[in-house]
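See below for the structure under consideration.
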Amino acid sequence: MKRGIFITFEGIDGVGKSTQLNLVYQKCLQLGHPVIKTREPGGTELGRRIRQLLLDPGFTSISAQTELLLYAADRAQHVAEVIIPALEAGKVVLCDRYLDSTVAYQGYGLDRDPVLVRRINELAVGGVLPQITLCLDEEPARALKRTKGDRIEQRDLDYYHKVRTGYRQIAQAEPERFFLIDASGTIEQVFDKIWSVIAGRGIL
């Protein structure tokens, strides 16, 4: 059986990742592709519990190291329980956030070594990496107006500018996989840009 296709969606909070992922999901269904959608953190039962801890505004004392390792733990379980079985079944896997989120948020955003953060997460994923990563890019001040203010979203604009810079650094380092998508247009315009990238790669 042909191995499935793994596509991830990235970007700072409020840029519309979930909306665009759902549109790609619907397009895949229309084209007859077996497809699942999932997210991080929270793509498994264990992950949902970790997500509650990570995003609860009441947990203000979580250290940067603990935050990093909780995300990695969620990811390891998610890969083993959801992503690998779906890929082995030949499905298209659409994931809202993956390894790059942790490099950008817990690496660049929290002033931790992004190379070390990536190595930790490469251990968590065991070599399972996406063929395409679509990163919606928008000015943080504008994007954050659409958020609800969980523990991460309550961080200041300086933090989010660092995260955005992190994503741009990844895009420069991996242009064959990681695509920055201007998220400032309409939902339809952004989707057209995203689908153009996916179609251009010829993997669906």
Side-chain angles (χ1 to χ4, degrees), residues 6-24 37-43 51 54-55 64 67-68 70-72 74-75 78 83 93-122 124-125 128-147 150-185 187 189-198 200-201:
F6 188 19
I7 301 174
T8 57
F9 292 73
E10 294 287 352
I12 63 172
D13 296 283
V15 292
K17 296 185 316 313
S18 299
T19 297
Q20 295 300 328
L21 186 152
N22 284 327
L23 290 174
V24 173
K37 54 183 177 179
T38 187
R39 70 174 183 177
E40 290 188 356
R51 182 184 181 89
L54 282 167
L55 302 186
E67 182 173 302
L68 167 63
L70 283 172
Y71 275 108
D74 164 81
R75 184 159 297 125
H78 188 216
I83 295 175
V93 177
L94 306 176
C95 188
D96 187 340
R97 298 202 181 283
Y98 196 57
L99 181 151
D100 299 298
S101 276
T102 304
V103 175
Y105 275 73
Q106 283 69 49
Y108 287 92
L110 294 179
D111 298 316
R112 295 299 189 269
D113 181 0
V115 175
L116 176 60
V117 172
R118 184 174 180 88
R119 286 175 181 166
I120 291 169
N121 280 273
E122 285 176 344
V125 304
V128 179
L129 298 172
Q131 284 96 325
I132 298 176
T133 298
L134 302 152
C135 182
L136 278 66
D137 183 56
E138 191 173 17
E139 179 62 36
R142 180 176 176 180
L144 291 171
K145 290 179 181 178
R146 308 185 193 105
T147 62
D150 64 35
R151 192 180 68 87
I152 306 295
E153 293 167 351
Q154 289 181 354
R155 290 173 177 165
D156 61 22
L157 277 177
D158 180 62
Y159 170 79
Y160 275 95
H161 280 294
K162 291 178 183 178
V163 173
R164 189 187 192 194
T165 295
Y167 278 131
R168 291 182 167 187
Q169 291 291 328
I170 297 168
Q172 288 182 2
E174 300 184 63
E176 295 300 314
R177 171 184 73 88
F178 196 97
F179 297 86
L180 287 179
I181 307 292
D182 182 359
S184 63
I187 291 174
Q189 289 170 336
V190 175
F191 174 74
D192 287 343
K193 295 172 188 175
I194 285 174
W195 193 254
S196 176
V197 170
I198 295 172
R201 291 297 299 275

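What you see is a predicted model, and the numbers here were worked out from it, not measured in a lab.
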| Step-by-step side chain to side chain contact (heavy atoms under 4.5 Å, CB included) determination, Trp195 to Val24 | CA-CA 7 Å; Trp195 193 254; Val24 173; 4.0 Å; yes
| Heavy-atom pair of closest approach, residues Ala143 and Glu138 | CB-OE1, 3.9 Å
| What closest approach, in Å, do Tyr159 and Gly109 show between heavy atoms, and which atom pair accounts for it? | CD1-O, 3.2 Å
| field | Flag side-chain contact, heavy atom, 4.5 Å: Gln20 against Ile187 | value | yes
| note | Applying side-chain hydrogen bond (donor to acceptor under 3.5 Å, both in side chains) to Ser184 and not counting sequence neighbours gives Asp182
| query | Does Asp150 have any side-chain contact (heavy atoms from CB on, under 4.5 Å) partners at least two apart in sequence or in another chain, and if so, which? | reply | Leu55, Ile152, Glu153
| task | Name all residues meeting the salt bridge (charged side-chain N to carboxylate O under 4.0 Å, His left out) criterion together with Asp100; count only those two or more places apart in sequence or in a different chain, and write none if there are none. | result | Arg118, Arg177
| message | Could you work out, with salt bridge (charged side-chain N to carboxylate O under 4.0 Å, His left out) as the rule, every residue matching Arg119, not counting sequence neighbours? | response | none
| request: Flag the pair Ile7 / Pro130 as yes when at least one side-chain heavy-atom distance between them is below 4.5 Å, and no otherwise. | output: no
| Under the side-chain hydrogen bond (donor to acceptor under 3.5 Å, both in side chains) test, which residues partner Lys37, sequence neighbours left out? | Asn22
| query | salt bridge (Lys or Arg N to Asp or Glu O under 4.0 Å): which pairs involve residues 101-114, sequence neighbours left out? | reply | Asp111-Lys162
| query | Going from OH on Tyr160 to CD1 on Ile12, what distance comes out if it is rounded to the nearest 0.5 angstrom? | reply | 7.5 Å
| query | With sequence neighbours excluded, what pairs up with Ser18 under the side-chain hydrogen bond (donor to acceptor under 3.5 Å, both in side chains) test? | reply | Asp96
| task | Evaluate the criterion side chain to side chain contact (heavy atoms under 4.5 Å, CB included) for residue pair Thr133 and Leu99; output intermediate values, then yes/no. | result | CA-CA 10 Å; Thr133 298; Leu99 181 151; over 6 Å; no
| task | With side chain to side chain contact (heavy atoms under 4.5 Å, CB included) as the test, would you mind laying out the steps for Ile120 and Thr102 before giving the verdict? | result | CA-CA 10 Å; Ile120 291 169; Thr102 304; over 6 Å; no
| field | Minimum side-chain heavy-atom gap Leu134-Ile198 below 4.5 Å | value | yes
| request: Check side-chain hydrogen bond (donor to acceptor under 3.5 Å, both in side chains) between Tyr71 and all other residues, then give those that pass, not counting sequence neighbours. | output: none
| task | Show your working on side chain to side chain donor-acceptor pair (under 3.5 Å) between Tyr108 and Gln169 and close with a plain yes or no. | result | CA-CA 10 Å; Tyr108 287 92; Gln169 291 291 328; 4.7 Å; no
| request: Begin from the C-alpha positions of Asp137 and Val15 and carry the test side chain to side chain contact (heavy atoms under 4.5 Å, CB included) through to its verdict. | output: CA-CA 7 Å; Asp137 183 56; Val15 292; over 6 Å; no
| query | Hey, is the main chain of His161 close enough, under 3.5 Å, to the side chain of Thr165 for a donor-acceptor pair? | reply | yes
| message | Among residues at least two apart in sequence or on other chains, which ones pass salt bridge (charged side-chain N to carboxylate O under 4.0 Å, His left out) with Arg75? | response | Glu40
| query | Which atom pair, heavy atoms only, marks the closest approach of Gly107 to Val117? | reply | CA-CG2, 3.8 Å
| task | Measure the shortest side-chain to side-chain distance between Ile194 and Leu136 over non-hydrogen atoms and say whether it is less than 4.5 angstrom. | result | yes
| task | State whether Arg39 and Asp74 are salt-bridged, where the test is any N-O pair (Lys NZ or Arg NE/NH1/NH2 against Asp/Glu carboxylate O) under 4.0 Å. | result | no
| Value rounded to 0.5 Å, distance of CG in Asp192 from CD1 in Ile181 | 11.0 Å
| task | Applying side chain to side chain donor-acceptor pair (under 3.5 Å) between Tyr105 and each of Arg97, Arg155, Glu67, report the one that passes. | result | Arg97
| query | Can you name the residues that form a ring pair (Phe, Tyr, Trp, His ring centres under 6.0 Å) with Phe6, not counting sequence neighbours? | reply | Tyr98
| remark: For Phe9 and Lys17, the nearest pair of non-hydrogen atoms, with its separation, is O-CD, 3.8 Å
| field | Listed partners of Gln189 passing side-chain contact (heavy atoms from CB on, under 4.5 Å), at least two apart | value | Thr186
| task | Quick one: list whatever passes salt bridge (charged side-chain N to carboxylate O under 4.0 Å, His left out) with Asp156, sequence neighbours left out. | result | none
